[in-house]
Every structure is written in structure tokens, then in C-alpha cells.
Student: 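Pasting a structure here, questions to come.
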Amino acid sequence: MICCITNLTKKLVSIPSISPLDLGCQKIISKRLINIGFSVENMDFNDTCNIWAYRGKGITLAFSGHTDVVPVGDRKNWKFPPFVPTIYKGFLFGRGVADMKGALAAMIVAAEKFVQKHPNHSGRLAFLITSDEESKATCGTKKIIENLILKKEKIDYCLIGEPSSVKHLGDVIKHGRRGSLTAFLYIYGIQGHIAYPELANNPIHSVLQFLSNLLSINWDCGNEFFPPTSLQIYEIQSGSHSDNMIPNKLLVKFNLRFGNIITINDIKQEVQKLLKHFDLKHSIQWKLNAEPFLTKSGFLINTVENIIKNACGIVPKLLTTGGTSDGRFISKISPQILELGLINKTIHQLNENVKILDLQLLSMIYEKIIEKLLL
């Protein structure tokens, strides 16, 4: 099995599928799934390739993953060429090997072994695979889910192969993710000569107290599932490019990460109240990147926890930390979602790598999960 998983991983990693390109990864996956009796539907949108594949009927366990990868960065500082997968001292190196082509290979091999043992299995095994997770995520899993909603499809359990593990395979599983809300705030003033400030109104000066107060807001205290809501200002820019001119406007961009205690309307109202308090002439645009989702408990969590305990000898932590994931889209049709994948220590970095033995172990865990949920 090690050879099979390693070879498939190497084949996928050798394809430079920088997001949102797929460049043939999904053809390899589709062929293997068709060979074991899966129906495969291509749901491509613009330059994004998507697959919805399924086998069987009834209670549905879906695996979710992506074939796109982030850019390689400075190639000359890679130990081995990033798209020439290389085994070195028990590790496999290459861009995307951990995030998340190794997990994809583990899923496919797990499905193949399961079907070989149980060709007449009960329930339905499915795959949602996209090439638009690492970039805009507008034409990927989001579109697959929109299509499935139109078809009145339902997914009972979903396992996302994102690299959730930290130090040891299986030590962390993600059972939810925070929401993400971005604001584009424009503060308006009066343009003028910098030597005559009495004839102008500097929006940079006007906004300073507001920003100080914005950063001091205690949005909530978090709960047992989510940390407290946090706000980060990530860009400030004025309309002036001259050292003798007071600008007439200022753009402030900030982002909030929030759990299930506070609502989006609560956040917006608090910001508006503060803007009114400081009497700032402004306009604001909001962009909801993700709503929070959470799997509190249930058969999926219990099953995965028990399998990891037996296979890895550790009790996994249930966390909701990190950025957003495609779970935010899948939560619209699936009540139970978990993220379980390889160690994330080198993802998006130079010399991304995974332990070859971890590929084998992850595939075995995936196979046991399938058996527990579908047999």
C-alpha cells in the first residue's frame, strides 16, 4: 500500500497545478474512481475544474479536497525541484504534497481498498474535489455545493483532507472554523496644501481616535468552541502621493474573525455606532468571506476520535483555529464536517514535505472511517 499511495502522490505532485489550475490532476483521480464503479460529474466553471463523484446510495460520506497548490516561491532555495517529487530520508518533498495532494492520494487508495473488500457496500461514498481552494474559492467547492443544492442532494458526513495535524498525525482534528468579515472603510476629508492645514480637513488625523477605539472593543469572550472575536487592520492608504498635499480621503481595510457568539449584524452595528460617535464622514462596504460552522458532537466525531486513538495511540484535540476552509460551503448541506489530514508544519513553505509512513497511516485511518460509517 505504501508504494501505491506514494506513487499516486508523486504523480499528482509532479503536475504544477498552481491555483486555480488543475492541469490534469482530476483526470487521474476520475479514471481511478471510474475504475472502481464511481459515477463522476465534472462541474467546471471558468478556469476551475471540479468533480462530484459518488458510488452507492443512501447515507452519504463525502471526502473533500483540492488539487490546486500555492506558488513555489524562491525555487533556488528548494532542496529539490518543487514539482519533481523526491524521496529523501523517509520524507517525500514537493509543492502540495502536504496541502493536500498526499491526503487526496490517501483518500483514493482508501476508497479503492474499501470497494475491493466491500463491492456491495451500503450507503454512498462520494468525493468533492476542486482546483480553486488556494485562490479566490469562488468557482470551486462553492459552485459544487450550489449545484448539489439544486439537485436537492444531502451529505450526512463530510471529511475534508486539509492538513490539520500539528506534531503527530491525528493529534488535531478541526471540527469547525471561524467566520471572516472584511470591511472597506472610506473616511472623507478636504484636500489642501500641507502648509495650510486650517484650509483643509485631514482624514488621517480624523480617523486616529476612531481606530484606537475600534481596536479596544471587546467583542466577546469566546466560548468552549471558539476563541474571542479578533479584529486586525491590514491596510491603510490615502489618496495623496505628494509630500505637500493633505489627502481628501482615506481607505482603511480591516478583518474580523468570529465564532458563533456574535452575529454579523452585531459587528456592523458596533462599527456604525463608533463612526457616528466620532462624526466621521464615511462610506463602508462589507464583504462576508465565511460564516462560522461547527460540528459539536455526533457519530462522525466519535468515530474519528476512536479510530485515531487506536491507530495512532493519541487522543486528538478538537480545534476551530486557523483560517477558513471549504467547510464553510459544505456546511450548507452537511451537518457533520471534520478536517483530518497530514502534518501542516511545512505547508505553503519552501521544501514542503510529508513522512511517507504518514501517507500510509492516513489512508488506513480513512479506510477505517469509511468502514465504520458505511457498513
Side-chain angles (χ1 to χ4, degrees), residues 18-20 66 68-74 99 132-140 142 162-163 174 176-189 202-222 226-241 243 246-278 280-293 319-329 344 347-350:
I18 296 173
S19 191
H66 61 89
D68 57 320
V69 301
V70 295
V72 299
D74 189 352
D99 188 12
D132 180 30
E133 195 275 344
E134 297 289 9
S135 51
K136 294 181 180 179
T138 54
C139 294
K142 181 180 180 181
E162 288 292 342
K174 300 290 180 73
R177 293 278 187 155
R178 294 174 295 174
S180 172
L181 180 66
T182 299
F184 303 88
L185 173 63
Y186 292 87
I187 303 297
Y188 300 102
N202 193 327
I204 299 175
H205 294 185
S206 301
V207 81
L208 293 178
Q209 274 192 298
F210 164 82
L211 292 179
S212 178
N213 280 262
L214 182 68
L215 291 172
S216 68
I217 293 175
N218 181 16
W219 300 93
D220 58 61
C221 297
F226 292 100
T229 295
S230 64
L231 181 148
Q232 289 292 311
I233 298 169
Y234 65 91
E235 187 174 339
I236 299 177
Q237 56 180 262
S238 75
S240 175
H241 301 286
D243 63 1
I246 294 171
N248 68 339
K249 67 178 178 180
L250 180 75
L251 171 60
V252 181
K253 300 178 184 179
F254 57 90
N255 176 269
L256 294 105
R257 298 299 168 107
F258 59 98
N260 58 0
I261 301 176
I262 195 169
T263 69
I264 295 163
N265 282 337
D266 290 338
I267 294 170
K268 290 180 178 180
Q269 287 174 11
E270 191 69 28
V271 173
Q272 287 291 355
K273 185 168 71 174
L274 199 59
L275 286 164
K276 185 177 180 181
H277 174 77
F278 286 101
L280 293 172
K281 188 178 180 182
H282 72 278
S283 64
I284 189 167
Q285 300 165 10
W286 296 94
K287 180 186 176 186
L288 179 62
N289 307 300
E291 294 188 45
F293 69 91
L319 298 179
T320 59
T321 52
T324 59
S325 78
D326 277 356
R328 67 191 189 271
F329 307 122
N344 58 27
I347 62 171
H348 294 207
Q349 296 185 18
L350 302 177

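Only heavy atoms go into these numbers, but all of them, side chains included; no hydrogens, no water, no symmetry mates.
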Student: Within the 4.5 Å heavy-atom criterion, are Glu162 and Asn344 side-chain neighbours or not?
Tutor: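 Glu162 does not reach Asn344 side chain to side chain.
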Student: Is the number of heavy atoms from other residues, nucleotides or ligands within 6.0 Å of CD (Glu235) greater than 12?
Tutor: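 Atom CD in Glu235 is packed in, count exceeds 12.
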Student: So, the side chain of Ser216 versus the backbone of Asn213: is there a donor-acceptor pair under 3.5 Å, distance only?
Tutor: yes
Student: Do Ile217 and Leu231 have side chains that approach each other closer than 4.5 Å (heavy atoms only, starting at C-beta)?
Tutor: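 No - every pair of side-chain heavy atoms lies 4.5 Å or more apart.
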Student: Would a distance-only check, ignoring hydrogens and angles, find a side-chain to backbone donor-acceptor pair under 3.5 Å from Asp68 to Glu134?
Tutor: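 Yes; at least one donor-acceptor contact below 3.5 Å.
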Student: Look only at the side chain of Asp132 and the backbone of Pro20, and say whether a donor-acceptor pair between them is shorter than 3.5 Å.
Tutor: no
Student: Looking only at atom types and distance, does a side-chain atom of Arg257 sit under 3.5 Å from a main-chain N or O of Pro227, one as donor and one as acceptor?
Tutor: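 Not at all, since once roles are kept as given, no pair shorter than 3.5 Å links the two residues.
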Student: Using a distance-only test with no angle check, is there a side-chain donor-acceptor pair under 3.5 angstrom linking Ser206 and Tyr188?
Tutor: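 No, because no side-chain N or O of Ser206 sits under 3.5 Å from a partner of the opposite role on Tyr188.
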Student: Which value, rounded to the nearest 0.5 Å, describes the distance between Ile204 atom CD1 and Ile187 atom CD1?
Tutor: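 The distance works out to 11.5 Å.
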Student: Looking only at atom types and distance, does a side-chain atom of Lys174 sit under 3.5 Å from a main-chain N or O of Thr321, one as donor and one as acceptor?
Tutor: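 The answer is yes, because a donor-acceptor pair under 3.5 Å joins these two groups.
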Student: So with a 6.0 Å cut-off around NZ of Lys136, is the heavy-atom count from everything else above 12?
Tutor: no
Student: For the pair Arg177 (side chain) and Phe293 (backbone), establish whether a donor and an acceptor sit closer than 3.5 Å, ignoring hydrogens and angles.
Tutor: no
